[in-house]
Chemist: 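I am attaching a structure below and will ask some questions about it afterwards.
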Amino acid sequence: MKNEYIPQLSEIKEVIKHTDLEYTFRMAFDGEVKPGQFFEISIPKYGEAPISVSGIGDGLVDFTIRRVGKVTDEVFENYVGDKLFIRGPYGNGFDINNYKGKEIVIIGGGTGVSPMRGVIQHFSKNPTDAVSTTVIAGFKSPDDVLFKKDFEEWSKTINVIKTVDNAPEGYDGPTGMVTKYIPDLKFQDIKNAVFICVGPPIMIKFTIMEIQKLGVADEQIWTSYERKMCCGLGKCGHCKMDDKYVCLDGPVFNYTEAKELFD
Amino acid sequence: MKNEYIPQLSEIKEVIKHTDLEYTFRMAFDGEVKPGQFFEISIPKYGEAPISVSGIGDGLVDFTIRRVGKVTDEVFENYVGDKLFIRGPYGNGFDINNYKGKEIVIIGGGTGVSPMRGVIQHFSKNPTDAVSTTVIAGFKSPDDVLFKKDFEEWSKTINVIKTVDNAPEGYDGPTGMVTKYIPDLKFQDIKNAVFICVGPPIMIKFTIMEIQKLGVADEQIWTSYERKMCCGLGKCGHCKMDDKYVCLDGPVFNYTEAKELFD
Amino acid sequence: MSLDINTKKAKKNAWRITKERGIGASRIRVPGGYCDAEVLGMVQEIAQTYGNGYVHLTTRQGFEIEGIHLEDMEEVNKKLQPIIEKVGINQKGEDKDKGYSASGTRNVSACIGNNVCPFANYNTSNLARRIDKEIFPNDLHFKVACTGCSNDCAKVRMHDFGIIGQTMPQYDPMRCVSCNACVKGCQSLSVGALRMENYKIVRDTEKCIGCGVCVTKCPTRAWTRSEKKYYKLTIMGRTGKKNPRLGKDWLIWADEDNIVKIIKNTYEFVEEYISPNAPARKEHIGYIIDRVGFEKFKEYALKDVELMPETIMNNTVYWDGIHFDNQH
Amino acid sequence: MSLDINTKKAKKNAWRITKERGIGASRIRVPGGYCDAEVLGMVQEIAQTYGNGYVHLTTRQGFEIEGIHLEDMEEVNKKLQPIIEKVGINQKGEDKDKGYSASGTRNVSACIGNNVCPFANYNTSNLARRIDKEIFPNDLHFKVACTGCSNDCAKVRMHDFGIIGQTMPQYDPMRCVSCNACVKGCQSLSVGALRMENYKIVRDTEKCIGCGVCVTKCPTRAWTRSEKKYYKLTIMGRTGKKNPRLGKDWLIWADEDNIVKIIKNTYEFVEEYISPNAPARKEHIGYIIDRVGFEKFKEYALKDVELMPETIMNNTVYWDGIHFDNQH
Amino acid sequence: MGYKFSKEEMASIFSKLAVDYDVFAPVVKKGDGTFSDVDVVRYDKVSSLDEIEFEKKSDYSFKEALLPINETIFYFTEDETTVPKGPAKERLVFLRACDLNAVKRLDQIYLKNGFEDFYYKRTREMTKFVLIGCKESCASGFCASMGTNTTDEYDLYLKLDGDNAYVEAKDEKLTEIFKAGKEETVSPDFVSENLIKVTLPKNITPETMKSELFKEYGNRCINCGRCNFVCPTCTCFTMQDIFYKDNERNGERRRVWASCQVDGYTEIAGGHGFRGDNADRMRFKVMHKIHDFEKRFGYHMCVGCGRCDDVCPEYISYSNLVNRLGKECE
Amino acid sequence: MGYKFSKEEMASIFSKLAVDYDVFAPVVKKGDGTFSDVDVVRYDKVSSLDEIEFEKKSDYSFKEALLPINETIFYFTEDETTVPKGPAKERLVFLRACDLNAVKRLDQIYLKNGFEDFYYKRTREMTKFVLIGCKESCASGFCASMGTNTTDEYDLYLKLDGDNAYVEAKDEKLTEIFKAGKEETVSPDFVSENLIKVTLPKNITPETMKSELFKEYGNRCINCGRCNFVCPTCTCFTMQDIFYKDNERNGERRRVWASCQVDGYTEIAGGHGFRGDNADRMRFKVMHKIHDFEKRFGYHMCVGCGRCDDVCPEYISYSNLVNRLGKECE
């Protein structure tokens, strides 16, 4: 019988620094992974934390990690060539098929962009898979922007609005909350739109309120939840919301389900 | 009306030192005085104390004072030519007539000798006024002996036993308590004997017990009491014993009276 | 249904939730310990009807009726009504038959005082009852005690506010007979503030604690009590696990009205500064003062207080006691 | 005949000679405050028949029946007999119907203890009653109090002997869920002797006062009480005019039997060293120790005492408190 | 001769009287008792009738009106002595029968025991006594037993009864003042019996002095002297010399009440005291009151006012002691 | 098949049984309760029959016999991980009907909710259950309301009655052991009714989640988690990595019981918690027990043992809350 709790060693192939606090670790991994899935990444002596997959490559998987809490602090002391214990992938992840042929709007806040990165990447590489693809990404300040190179790359093929809440004088990019940009979105057929929205709970709440004002049905909205997940296996209970286990049934939920999930 | 409380100034004519603690002050005084009477001697700012007359001269009266208590301490700072407030004499004193023609035994302890000094002096100057006169005087040590010159003088005409309780090695005089010498006294006719006994209460008690063993009647014994006397006038109450006021009715008492006086 | 009791409310309602499951204890308090004997019978009846027949006499001068089933709380609360009325505790109309309206502010305790005791300098029970009326009902944790003299039989120095009766001894030298009874009494029973000089008594006014021993010892009424009653106010003593300490003198030769005012003012201070994390809003005032500073306390406490000229106020109060919280 | 009362005897007989001429007060004591409710009715009857209908509840857990004519002392003493028996006070046969045999040794007081209180570490009333049995009747001035935990609701630090219940907390790491309730409880309610290390609790044994808060807070029984009951013995606290001071810890983690022995031994010490001038042979033990030295006290107190290995004894005890007797 | 007045009239006469005389009378001193909020009744100078306490027997006797607690004997300035002036006015002293009988005892000591006392005499000669009647016996007195329940030594008898006041004046000058009133037969209220009865010991012998009773009561005594200080017949005093702090060469000599129960009473220079033991002091006091005063002067000292029983903080009952002693001596 | 034994015979059989099996049963732990001199009944390994408490319902449920409070997942030594051994012996767990129904809930989560749990499974497979009957309802249970008052999932039923003992063995191996006894029809004591009756809310809507009841009870809750720790159906745990102080490169990973009522339960890295409010935690717990577990798995989680009501230091009655919620939803 398989002991799902036992992690495997995985080598750090590359470390990409985004900000002073946020890095992407490119790790060795062989196996099927979907964007939006997560791994339990652990360092013996410190513990485990569920980290979303922020990129998928050949024999590689990216984890974009914010340096908070004691677990993730330790991770930053590992460098290329070192190894980490990981287990996963867990969770459902995003199903690209749900968005193909649609007018896609992807809205992310901070590290909330990570789980969607695989989705964005797919449609920026294959822009014709969708009617249109728009990414609205919000960060606190220019210094907090993640995936800077990605944004440059993505903006070549899809619409990208990268906004910051607070900008220093002279900053010439978009500023303000992501919600500010929603009313101005243009759709050919709003009924054929899909929205993916990931970020801090408060951001999700207001973003969905804004989206709904456009006359969008719940079925057209998707989100992904970040919750405490100790086991990733539907046992430890921490991630349960209503009858759903985020680790098993999520973390990606269509809003028809998500709206009934109370904390 | 006479205000008996008002004292008179009296000059110190002579100071005779007996011991380190005891002095005789010879003071100016005109008036009738009997041995055994007392004066209230006061120093303003310090107060009064009743002091027995220890000698009577022409316009003079002696007070032998032991340096105890705050009143008498101050007195010693007065010297010849200085003045003290005195009032008196008070009390009955010894009546020489009671002892004339008798076999007289005078027993004194320490300053108790003072009030009897006038009596002794009378019979040593007039030895034929009595059948015999014996003085037994007790002092703590050779250093405590009072009236040293007197004793030399007296022993010329009357029997004198001057004993000390404690003597240094080599001391050749009599030693021991005065009571030790009582059993050996010889009398021609014990019924014609009179005893005068003055000293500390405990000494009087044991001396009288010893005298009574000789078969002496109470009437033949005399004593003088030293008590607290504030007024000397039968008012202040301190000296009262039974129905007697020592200041008025004493201080000299025949033992028939004295024996009923409880403290 | 299973027992479903809001224990926080029950506690504020002067019930104890005991260590025995389902069993409570009713805490009856008698301000100043001054108790109409009728009350005893009432307590007995409750104890025998609802309790286990035993009553704990508390050191705060109350009865704790043991062994009451928590189901009976309401009924017992009704039975408490005549007791509450007899001992004269404030109660809002709607609280009738519902027991005590608050329990955070502890029973104002008192030694037996000058109702009875020869040493007491005032009627402690009366003052305790007055203070009770002024401050109750209130759920803030205040401990106030009144004691008749510096003997402190009520252990007021273990209270937030300790009120010690004082008398400013009045001396009539013309009635003094220099018997020394006061000097000896002060020496052996009190602080030795008297000495004889020129056959008359000199009182060391700095040292005198106003206990009145000289007055009780005087056989001639040379010493008498001052017409005004004086009080020493000691503050912020406490027992407890962290830092038990003696209350220290703050006001000396103070008057009753100002002391009452100060206590009431302190409620405002506590309302303002009590830690929001204090469990059940119970934080000893002393710890609040430790935290926010004595000056701030003084500012609140002395609002509208005009001390008498003879009142001595210590500008700062230093406490010590035993520290178990930050030892070694 | 005019009232002719040997007040010294009356006082030793637990009567108070009040400030009102001819009026006494009967001082009924209830060891440990543990009172059969029947007693309340008896007290009420005496108060209403012989007194003025009022009873003072004392902070030493007694009743003081006010306003009794001293002529009625004997009769009231007879009425006290069933009370004395009910509360279980020692009495020689010939003292029956004659009230209390002594009053110098004060009522052994106690907080409500683990009969009722969730925080108490032992049955304080029972220990108070045991000590009472061992030391009463005795006229030497001893004040003993028992309190269930270091909260010290009985204010034992104001006593000659203060007995504070302790438990040596037992920790089973395999039952611990790292919920932190004990750590938080110890921090906020006690001395902060616990910390979490590697998800398990480390107890600072030097700092731990044995209050048991960790045990009551633990939701899983990882913390339990030691089978043995432990006691802290604080000594020579006092109120009073000269030098009120807190009792200080002498023995920590001590056992009941030895504490009882020490108290009894101290009677011998006091018999030996009490000042011959002590009025009514009343001299606080603390002052005797101040005079003759702590070593001498220890010598007597520890006679035949063999402390348990885990008992900590402070070799010297230093008191401070407030000095009114030799200030400035 | 007796006269009747309305209370108002009497109050008005009294006010005038109090201008010519120094009036000493029992007064309730609020809160001045031994204990907190307890009153004391003691003598003081009064200027209006309503200041006087007629009902309750005074706790302290009248004697301080004749014998001040502190009395200056003389001032000294270097070598000179100066005697203070005596009373400027005549004085009226309100008192009861027992106390008026006590005046005789004071006179005995101060005027007829050896020397006449200069200070007492000059005050005494200016003093008139106003009798307060006793409608019923006080609780602790036993004047009937001591034969001091009646007296005719008063100069004035004054009685308030509801809205009326009655006087009987024997003194001529006082009669002048009161004769304006309505004549009426007025005779003093005296009690003929008390609640307390005392039977004095009949056969006092040297053995009596050794009675265990003195030990028993002596052990209870705390030597406070209250019994002496409240007693109308106790006369003892002590001399005190005071030097003025501002000029130590000047000062005064005083006499101050003393008590045979208080430490130091018999102590002489050097510290020896003659009655160190409480039993001896108790015996001394009791024997003086009921035995040796009589032996010297022919009548008993004690007037049975009962104040010593009332005041004793140790609840020693002198009257009971005497009765018990009486039984012992039977 | 049922068998009868004398109590002594049973005790002897049991002692042997306890050699072959690890026997877990409710035991009175003297003085180990929350308060001084208070006992607690909780599960422990026993070796003799008389250690077992048959009367009083255990304060803590049997679940620790299957799910240790602390369970080591693996040891790590540098880069290697090692899984601890599973149980060496089969185990017998004594429990009542409600608890045996709870086993189904544990199985549901640990075996049938996504992945199978390695650790639970290996213990579970070695466990047999011995039913303790309930002659009468306990005071706080409401198993009848939850339909958990009966069960036939036991391997053995054991009953002590006076001097006799009765068993019904369903497990083959156990039958072997007991078939020496006198055959008799033995059927378990089940209660059919409780003192407490609970009616679950019928129409739970999003509005239900906002009920004021959760606030009311949440305000009373002190977040101690006792209700979860005593509950036979609560299964949550938290992972902990321990490093050994003696060699910090080695250590172990454990899982430790967790409570949804205790602070930190929903807290993620960085400190954000999702149910900071007590009302939310209360709702979460209650809804899990009576609503969403059923939504997911088709039957209710709560088995109505009543332990949470018994243990709550704040006297929060979950059963009463549920009944009140039921009324609200009518």
Side-chain angles (χ1 to χ4, degrees), chain A residues 1-9 21 40 42-51 65-74 83-85 90-91 111 200-202 225-249 259-263, chain F residues 73-74 76-81 83 109-110 113-122 206 209-210 234-244 248-253 255 258 260 264-277 280 283-284 287-288 291-297:
Chain A
M1 182 197 160
K2 173 130 198 277
N3 186 341
E4 275 288 341
Y5 292 96
I6 307 301
Q8 300 170 326
L9 278 174
L21 290 175
E40 292 282 348
S42 68
I43 313 98
K45 304 191 290 176
Y46 286 91
E48 286 189 322
I51 309 285
I65 305 177
R66 192 175 159 78
R67 188 191 184 109
V68 289
K70 60 180 179 177
V71 174
T72 46
D73 276 4
E74 178 75 359
K83 285 172 178 172
L84 289 179
F85 275 115
Y90 298 125
T111 50
I202 191 82
Y225 281 151
E226 186 190 11
R227 284 295 176 279
K228 179 165 189 169
M229 289 179 282
C230 281
C231 65
L233 304 168
K235 305 283 164 281
C236 79
H238 294 274
C239 70
K240 192 183 81 71
M241 298 169 79
D242 196 47
D243 63 330
K244 297 291 185 288
Y245 288 75
V246 173
C247 67
L248 299 179
D249 308 322
K259 70 179 178 188
E260 291 189 357
L261 303 182
F262 286 84
D263 263 320
Chain F
I73 297 297
F74 57 79
F76 47 75
T77 44
E78 302 187 7
D79 282 353
E80 297 297 312
T81 59
V83 174
I109 295 299
Y110 278 93
N113 191 39
F115 308 81
E116 276 190 340
D117 188 275
F118 175 85
Y119 302 91
Y120 179 80
K121 193 175 183 188
R122 70 180 183 182
M209 306 296 165
K210 295 174 192 155
C234 272
T235 54
C236 291
F237 62 81
T238 296
M239 298 288 229
Q240 294 176 352
D241 279 10
I242 310 301
F243 62 98
Y244 300 147
E248 299 205 349
R249 300 175 68 190
N250 295 343
E252 61 187 81
R253 177 166 294 169
R255 64 178 178 193
C260 56
Y265 180 79
T266 59
E267 218 165 80
I268 56 171
H272 181 79
F274 292 92
R275 284 187 299 277
D277 194 45
D280 291 332
R283 186 208 70 228
F284 179 83
M287 284 298 152
H288 194 200
H291 174 60
D292 57 56
F293 186 98
E294 190 266 351
K295 197 162 149 194
R296 188 174 184 92
F297 300 116

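Order of the sequence lines fixes the chain letters, A, B, ..., with proteins taken first and strands second; residue numbering starts at 1 for each chain. Values in this document were obtained by computation on a predicted structure and should not be read as measured data.
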Chemist: Between atom OG of A:S42 and atom CZ of F:R253, what is the distance when rounded to the nearest 0.5 Å?
Modeler: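 Here the rounded value is 4.0 Å.
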Chemist: Under 4.5 Å heavy-atom distance to chain A, tell me which part of F:Y119 shows up: side chain, backbone, both or neither.
Modeler: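 Looking at F:Y119, just its side chain touches chain A.
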Chemist: Taking all atoms of both residues into account, what is the closest heavy-atom pair of A:C230 and F:M239, and its distance?
Modeler: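 Reported closest heavy-atom pair: O-CG, 3.6 Å.
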Chemist: Which distance, rounded to the nearest 0.5 Å, do you find between the CG of F:D241 and the CD of A:E48?
Modeler: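 Between atom CG of F:D241 and atom CD of A:E48 there are 7.0 Å.
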Chemist: Going by the rule side-chain hydrogen bond (donor to acceptor under 3.5 Å, both in side chains), which residues pair with A:D243 if we only count those two or more places apart in sequence or in a different chain?
Modeler: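 With neighbours one apart ignored, the set is empty.
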Chemist: How many angstroms lie between CZ in F:R296 and CG in A:D249, if you round to the nearest 0.5 Å?
Modeler: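 One gets 4.0 Å once the value is rounded to the nearest 0.5 Å.
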Chemist: Check the pair F:D280 / A:D263 against side-chain contact (heavy atoms from CB on, under 4.5 Å), numbers first and verdict last.
Modeler: CA-CA 7 Å; F:D280 291 332; A:D263 263 320; over 6 Å; no
Chemist: Going by ring-ring contact (aromatic ring centres under 6.0 Å, His included), name the residues that satisfy it together with A:Y225, two or more places apart in sequence or in a different chain.
Modeler: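 ring-ring contact (aromatic ring centres under 6.0 Å, His included) list for A:Y225, sorted by chain: A:F253.
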Chemist: Determine, for A:D242 against F:K295, whether the closest basic-nitrogen to carboxylate-oxygen distance falls under 4.0 angstrom.
Modeler: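 A salt bridge links A:D242 with F:K295.
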Chemist: Within this structure, what is the CG-NZ distance for the pair F:D79 and A:K83, rounded to the nearest 0.5 Å?
Modeler: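 Spacing of CG (F:D79) from NZ (A:K83) equals 6.5 Å.
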Chemist: Report, as yes or no, whether the 6.0 Å neighbourhood of atom CD on A:E226 holds more than 12 heavy atoms from other residues, nucleotides or ligands.
Modeler: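 Open: at most 12 neighbouring heavy atoms sit under 6.0 Å from CD of A:E226.
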Chemist: Quick one, F:D117 and A:L233 - any side-chain contact, counting heavy atoms below 4.5 Å?
Modeler: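 With C-beta onward as the side chain, the pair stays apart.
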Chemist: Side chain, backbone, both or neither: which part of F:R122 has a non-hydrogen atom closer than 4.5 Å to chain A?
Modeler: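 No part of it gets close to chain A.
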Chemist: Below 4.5 Å, heavy atoms only, C-beta onward: do F:F74 and A:N3 meet side chain to side chain?
Modeler: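 With C-beta onward as the side chain, the pair stays apart.
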Chemist: Among F:M287, F:E267, F:H291, who wins on heavy-atom pairs under 4.5 Å with chain A?
Modeler: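 When all of F:M287, F:E267, F:H291 are compared, F:E267 has the most.
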Chemist: If you define the side chain from C-beta out and look only at heavy atoms, does anything of F:Y110 sit under 4.5 Å from A:K235?
Modeler: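 Sidechains of A:K235 and F:Y110: in contact.
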Chemist: What's the shortest heavy-atom distance between A:H238 and F:F237, and which atoms?
Modeler: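 Minimum heavy-atom separation between A:H238 and F:F237: NE2-O, 2.6 Å.
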Chemist: Would you mind checking which part of F:Y265 comes under 4.5 Å of any heavy atom in chain A, side chain (CB onward), backbone (N, CA, C, O), both or neither?
Modeler: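 The answer is both parts of F:Y265.
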Chemist: Which atom pair, heavy atoms only, marks the closest approach of A:G237 to F:C236?
Modeler: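 Shortest heavy-atom contact: CA-SG, 3.6 Å.
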Chemist: Tell me, do A:Y245 and F:I109 make a side-chain contact under 4.5 Å, heavy atoms counted?
Modeler: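 A:Y245 reaches F:I109 side chain to side chain.
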Chemist: Do A:R227 and F:T266 make a side-chain contact, defined as non-hydrogen atoms from C-beta onward lying under 4.5 Å apart?
Modeler: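 No, too far: nothing below the 4.5 Å cut-off.
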Chemist: Short question: side chain of A:K240, backbone of F:F284 - any donor-acceptor pair under 3.5 Å?
Modeler: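 No, A:K240 side chain to F:F284 backbone: no donor-acceptor pair under 3.5 Å.
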Chemist: From F:R275 CZ over to A:K228 NZ, what is the distance, rounded to the nearest 0.5 angstrom?
Modeler: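 F:R275 CZ to A:K228 NZ: 11.0 Å, rounded to 0.5 Å.
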Chemist: Side-chain contact test, heavy atoms from C-beta onward, threshold under 4.5 Å: evaluate it for A:P201 versus F:H272 and give yes or no.
Modeler: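 Result yes, sub-4.5 Å side-chain heavy-atom pair found.
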Chemist: What residue, out of A:C236, A:C247, A:C239, has the most heavy-atom pairs lying under 4.5 Å from chain F?
Modeler: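 If we count pairs closer than 4.5 Å to chain F, A:C236 comes out on top.
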Chemist: Pick whichever of F:I73, F:T238, F:D277 has the most heavy-atom pairs under 4.5 Å with chain A.
Modeler: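 Among the listed options, the one with the most contacts to chain A is F:T238.
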Chemist: Would you mind telling me which of F:E116, F:H288, F:K121, F:Q240 has the largest number of heavy-atom pairs within less than 4.5 Å of chain A?
Modeler: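 Greatest number of close heavy-atom pairs with chain A: F:H288.
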